[in-house]
Amino acid sequence: MTPPIRRPRILVKAAKIALDHYERDAGLARLLKLRKTPDPDVALARLSEVEDALNTERLQGAATYSIERHIQILTALLAEIGLIERKALA
């Protein structure tokens, strides 16, 4: 099982709400600028790197920080975690 994501509750809640409308292939292609949808482990690693950078920007109050992008990345991250966990249970 993957460790919980420790981010402000409102960010995680928004990402969980967005999961209802998340489309993996289109989402990963857009967010990670990929042509082919990667395996969940690869996607999780890439998304984790991007999310970590966004969180650093958030904590530093960087002008480049985008809460919208952060929620989109968190949504994809949660989707990949769920996919990996479902595969592990199968």
Side-chain angles (χ1 to χ4, degrees):
M1 184 156 198
T2 57
I5 297 174
R6 299 202 184 277
R7 297 295 181 253
R9 198 174 302 161
I10 192 146
L11 281 177
V12 175
K13 185 174 183 174
K16 286 180 179 179
I17 291 169
L19 275 173
D20 291 339
H21 305 287
Y22 180 72
E23 294 180 24
R24 185 173 189 266
D25 292 338
L28 289 176
R30 182 176 45 79
L31 294 170
L32 298 178
K33 297 173 179 50
L34 301 172
R35 292 183 193 197
K36 183 180 173 191
T37 304
D39 290 330
D41 292 330
V42 173
L44 182 62
R46 298 268 314 267
L47 289 165
S48 293
E49 291 173 6
V50 173
E51 194 282 328
D52 188 52
L54 283 166
N55 196 53
T56 299
E57 288 180 4
R58 178 184 68 82
L59 292 171
Q60 294 175 346
T64 56
Y65 175 70
S66 167
I67 192 167
E68 179 182 0
R69 179 154 171 82
H70 201 168
I71 292 168
Q72 292 170 348
I73 294 292
L74 279 172
T75 301
L77 194 61
L78 291 174
E80 295 304 307
I81 289 169
L83 184 60
I84 290 168
E85 289 178 348
R86 284 190 299 281
K87 283 186 175 185
L89 293 175

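Atoms considered below: every heavy atom in the structure, side chains included; atoms not considered: hydrogens, waters and symmetry mates. Just so you know, these numbers come straight off a predicted model, no measurement behind them.
For the pair L28 and R46, the minimum side-chain heavy-atom distance is 4.5 Å or more. Residues L31 and R69 form a side-chain contact, since some pair of their non-hydrogen atoms from C-beta on lies under 4.5 Å apart. L19 places a side-chain heavy atom less than 4.5 Å from the side chain of L78.
The side-chain contact (heavy atoms from CB on, under 4.5 Å) with L47 is formed by just one residue from the set L74, L32, T75; it is L32.
Within a 6.0 Å sphere centred on CD1 of I10, other residues, nucleotides and ligands contribute 12 heavy atoms or fewer.
To the nearest 0.5 Å, atoms CD (E51) and CG (L11) are separated by 8.5 Å. Interatomic distance, R58 CZ to R7 CZ, rounded to the nearest 0.5 Å: 6.5 Å. Expressed to the nearest 0.5 Å, how far CG of L77 lies from CD1 of I73 amounts to 8.5 Å. A distance of 11.0 Å separates CZ in R86 from CD1 in I81, rounded to the nearest 0.5 Å. Distance NZ/K36 to CG/D25: 11.5 Å, rounded to 0.5 Å.
Pairing each heavy atom of E57 with each of Y65, the nearest pair is OE1-CA, 3.4 Å. Minimum heavy-atom separation, A43 to R24: CB-NH2, 4.3 Å.
Clustering ILVMFWY residues whenever any of their side-chain heavy atoms sit less than 4.5 angstrom apart, transitively, puts L83 in a cluster other than the one holding Y22.
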